[in-house]
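Reckoned from all heavy atoms, side chains included, excluding hydrogens, waters and symmetry mates. Along the sequence shown, residues carry numbers from 1.
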Amino acid sequence: MFTAVHRCSDNDPRRFERLIEQYWDQIGDYLVLVEGDIEVLPCEPCWLARFVSYMDADQRLGCVGSRVYQPDFVDETEARRLMPNLDQPSLDFLIKKGALMRHYKSTSQPLIAPHNPPLRLLMMRKQVYEQIGFGRDTVIHERTLALGYKSMISTEVVHRHLSLLNIYDYWEYSHAEREAFFDKQ
């Protein structure tokens with residue numbers, strides 16, 4: 001499944017971008033970005049087959065991502081019980097209180113676009129990447145739309161993301177440091 005595994009000694013914000021450049025000639029029509037701290041819930045057909053089928057069926061689909069597993073969002077009451085002295089903005093950040101992905105509406109549609117697809121599990125057309133490059137998920141989404149492509153979320157492919165549980169393991173996780181890291185991209 002893997003052509004190579006790269007072990008890195010630093011947390012370079014341009015890692016994805018540099019690896020894409022390194023393997024550019026080996027990438028087919030689509031490229032997939034997968035973060036290491038997710039779990040993709042099983043589905044039939046598998047997530048990759050679904051993503052490819054979406055892209056093959058609609059040439060205007062520039063990128064597609066997976067839906068987050070909503071039960072993993074920590075309830076604010078539970079978070080406050082765990083961290084009674086934490087200031088409210090820090091608590092809100094840790095539990096992603098304002099995240100639009102907390103509140104997906106039920107739908108039978110396989111693809112939705114209530115907001116940008118998360119970068120945690122994302123397939124892009126190589127030709128779209130070639131025009132927009134790499135960036136935060138919101139940047140990729142906006143640039144994709146600006147080119148006239150669609151940027152969608154699959155309701156059929158669901159991922160779990162460990163950062164939703166930061167309040168249990170990494171309660172000191174800093175919003176300012178996170179933003180500074182992503183601003184380097």
Side-chain angles (χ1 to χ4, degrees), residues 1 15-16 20 27-79 91-126 128-129 132 134-170 173 175 178-179 181-182 185:
M1 182 173 180
R15 173 115 32 248
F16 276 141
I20 290 168
I27 297 171
D29 293 335
Y30 313 125
L31 62 99
V32 176
L33 304 169
V34 183
E35 289 188 357
D37 64 343
I38 67 160
E39 172 192 12
V40 183
L41 299 183
C43 60
E44 281 296 326
C46 76
W47 68 268
L48 186 57
R50 284 185 189 264
F51 278 11
V52 169
S53 70
Y54 300 146
M55 297 293 244
D56 287 348
D58 184 352
Q59 294 301 307
R60 297 310 307 162
L61 184 58
C63 63
V64 63
S66 56
R67 179 174 64 88
V68 70
Y69 183 68
Q70 279 82 18
D72 282 344
F73 283 103
V74 177
D75 178 73
E76 185 174 4
T77 304
E78 170 69 5
L91 187 81
D92 292 349
F93 167 69
L94 284 175
I95 65 171
K96 300 188 184 305
K97 182 179 177 182
L100 295 173
M101 63 186 89
R102 285 184 79 108
H103 311 287
Y104 291 126
K105 294 182 174 137
S106 294
T107 180
S108 60
Q109 297 298 313
L111 295 173
I112 58 174
H115 56 79
N116 62 282
L119 191 56
R120 294 171 195 102
L121 180 61
L122 185 80
M123 177 178 276
M124 291 181 69
R125 289 188 185 283
K126 184 177 181 180
V128 171
Y129 183 89
I132 67 171
F134 189 72
R136 296 175 87 153
D137 50 13
T138 53
V139 171
I140 289 172
H141 174 70
E142 290 166 0
R143 289 178 179 168
T144 299
L145 295 176
L147 287 176
Y149 287 92
K150 298 175 191 173
S151 177
M152 308 288 285
I153 297 169
S154 169
T155 61
E156 302 169 321
V157 177
V158 180
H159 73 271
R160 298 181 81 184
H161 190 223
L162 288 179
S163 77
L164 295 183
L165 305 178
N166 278 344
I167 195 159
Y168 296 108
D169 301 312
Y170 301 104
Y173 187 57
H175 184 256
R178 177 187 185 278
E179 292 303 308
F181 175 81
F182 285 114
Q185 289 182 336

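Side-chain atoms of Arg125 come within 3.5 Å of backbone N or O of Leu61 as a donor-acceptor pair. Proximity of a side-chain donor or acceptor of Thr144 to a complementary backbone N or O of Tyr149 within less than 3.5 Å is not detected. Put simply, the side chain of Arg60 gets close to the backbone of Gly148: a donor and an acceptor are under 3.5 Å apart. Side-chain N or O atoms of Gln70 include one that pairs as donor or acceptor with a backbone N or O of Met101 at under 3.5 Å.
Here Glu76 contributes atom CD and Asp92 contributes atom CG; the two are 6.0 Å apart, rounded to the nearest 0.5 Å. Separating the CE atom in Met123 from the CZ atom in Arg50 is a distance of 13.5 Å, to the nearest 0.5 Å.
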Could you go through the side-chain contact (heavy atoms from CB on, under 4.5 Å) check for Phe134 and Leu33 one step at a time? CA-CA 11 Å; Phe134 189 72; Leu33 304 169; 3.7 Å; yes
Determine, step by step, whether Ile140 and Asn116 satisfy the side-chain contact (heavy atoms from CB on, under 4.5 Å) criterion, reporting the C-alpha distance in whole Å, the side-chain angles of both residues, the deciding distance to 0.1 Å, and the verdict. CA-CA 8 Å; Ile140 289 172; Asn116 62 282; over 6 Å; no
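A heavy-atom distance below 4.5 Å is found between the side chains of Leu164 and Val68. Considering only heavy atoms from C-beta on, Met124 comes within 4.5 Å of Ile132 through its side chain. Within the 4.5 Å cutoff, side-chain heavy atoms of Pro117 are placed close to those of His141. Using a 4.5 Å cut-off on side-chain heavy atoms (C-beta onward), Ser66 and Ile153 make no contact. Contact annotation: the side chain of Val157 approaches that of Leu121 to within less than 4.5 Å [non-hydrogen atoms, C-beta and beyond]. Proximity of Leu119 to Arg136: side-chain heavy atoms (C-beta onward) are nowhere separated by under 4.5 Å. The side-chain heavy atoms of Asp56 and Tyr30, taken from C-beta on, include a pair separated by under 4.5 Å.
Ring orientation note: the planes of Tyr54 and Phe51 are tilted relative to one another, at an angle of 30° to 60°.
The shortest heavy-atom contact between Ser163 and His161 is OG-ND1, 2.7 Å. When all heavy atoms of Val74 and Arg102 are compared, the pair lying nearest together is O-NH2, 3.3 Å. The minimum heavy-atom distance linking Val128 with Gly62 is given by the pair CG2-CA, 3.9 Å.
Judged as a side-chain hydrogen bond (donor to acceptor under 3.5 Å, both in side chains), and not counting sequence neighbours, Tyr129 has no contacts.
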